[in-house]
> 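Let me begin by handing over the structure; questions about it come next.
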Amino acid sequence: MAASSTGATLITVAPTGAEADKSAVPALPVTLNELVITAKECEAAGAAVIHVHIRDDAARPTLDPARLADTVAALREGTDLIVQLSTGGAVTDGFAARLAVLDAAPDACSLTCGTVNFGDEVFHNPWPFIKDLYQLTQERQVVPEFELFDLGHVATLHRLLGEFGAPAGGHVHCDLVMGVPGGMPGDVATLAAAVAALPPGATWSATGIGRATLPVMLGALGAGGHLRVGMEDTLSYARGRPVARNAELVERAAELATIAQRPPMRPADARAFLGVPSAS
Ligand code: KMH
Ligand code: ZN
């Protein structure tokens, strides 16, 4: 099984995503000001990484380069969090715009290792795009997090590392995204199978979508993994109780990690862990 245990738990917050609708979910952070306030609250609650999707003035998902650059600057100014921009965007975003995300010079970025059915849509990640994006992360020294929605994506990760070598920062960290309708289910048996297939030395986080949130979180903690939480992935705190703010999801993850004797990793330690250069 891939190495994954450390004395602390890396907590990533994914506060916004590209799918939820602000008019239906008023607590979703969509403006830059809302995002920075959320980021500060989540850092105080135990997050070390923020996975960022941004919205336009109408709260629609966008990959606008100037907005992305402003977002990176504002999050760096207001927090010590590792800023990980989404290169997945929305299912409607084209490959060129997704590659151009790296022009905003984030610390890190997501890199999904395969196409997956995504509810009624398709999240497109064909091999030519994956390898172009991976080589760009190496050229720009942006640390990728390999997003794995299905077991086949793990095979593609092996192929990527075999053909193009180690990532920027030298360390392979993955995020198992479980419970997407069309991807791998969010249960402990699948979690164990995915972790067993990871490259030697890789570390991993896991996130369960919707009702898979708690089983995946508890399974990941038990298996020595790390956690991603946030309103990108779940809008319910409990049955019938909507999430009021992203920070309460981070607080719950931090409490469970502390109970598991692996308290939250601070951002400076997370930089060393992931191979992200120190904040200047
Ligand atoms: N919004 C999804 C289609 C990523 O951020 O890299 C893709 C996604 C993955 O959220
Ligand atoms: Zn995302």
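What you see below is based on every heavy atom in this structure, not just the backbone, and it leaves out hydrogens, waters and symmetry mates. Atoms within a ligand are numbered from 1 in the order they appear, just like the ligands themselves.
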> What's the shortest distance from atom 4 (C) of ligand 1 to any protein heavy atom, and which residue and atom give it?
Ser86 OG, 3.3 Å

> Using atom types as modelled and distance alone, determine if a side-chain donor or acceptor of Glu248 lies under 3.5 Å from a backbone N or O of Ala244.
yes

> Have a look at Glu232 and say which of its N, O or S atoms is nearest the Zn ion (ligand 2).
OE2

> Relative to the heavy atoms of Glu19, which atoms of ligand 1 are at a distance of less than 4.0 Å?
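Taking each heavy atom of Glu19 in turn, ligand 1 has 1 (N), 2 (C), 3 (C) under 4.0 Å.
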
> Do Leu99 and Val91 land in one hydrophobic cluster if side-chain heavy atoms of ILVMFWY residues count as linked below 4.5 Å?
no

> Any idea which protein heavy atom is nearest atom 10 (O) of ligand 1, and the distance to it?
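Among all protein heavy atoms, the one nearest atom 10 (O) of ligand 1 is Glu232 OE2, 2.9 Å.
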
> With the side chain counted from C-beta on, respond yes when Arg211 and Arg239 share a heavy-atom pair under 4.5 Å apart, and no when they do not.
no

> Identify, with sequence neighbours excluded, every residue that meets side chain to side chain donor-acceptor pair (under 3.5 Å) alongside Asp56.
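With neighbours one apart ignored, the set is Arg60.
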
> What protein heavy atom sits nearest atom 6 (O) of ligand 1, and how far off is it?
Ser110 OG, 2.6 Å

> Would you tabulate the side-chain donor-acceptor contacts of residues 100-115 under 3.5 Å, counting partners in other chains and residues two or more places apart, or write 'none'?
residue: Asp103; atom: OD1; partner: Arg140; partner atom: NH1; Å: 2.9
residue: Asp103; atom: OD1; partner: Arg140; partner atom: NH2; Å: 3.3
residue: Asp107; atom: OD1; partner: Arg76; partner atom: NH2; Å: 3.1
residue: Asp107; atom: OD2; partner: Val83; partner atom: N; Å: 2.9
residue: Ser110; atom: OG; partner: Thr87; partner atom: N; Å: 3.0
residue: Thr115; atom: OG1; partner: Asn125; partner atom: N; Å: 2.7

> Before accepting this row, confirm whether a basic side-chain N of the pair Arg55/Asp64 lies closer than 4.0 Å to the acidic partner's carboxylate O.
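Salt bridge flag = no for Asp64 with Arg55.
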
> So is Glu121 close enough to ligand 1, meaning a heavy atom under 4.0 angstrom away?
no

> Polar contacts were defined as any N/O atom of the residue lying under 3.5 Å from an N/O atom of the ligand; does this apply to Gly88 and ligand 1?
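Indeed, backbone or side chain, Gly88 has an N or O that close.
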
> Ala14 near ligand 1, heavy-atom distance under 4.0 Å?
no

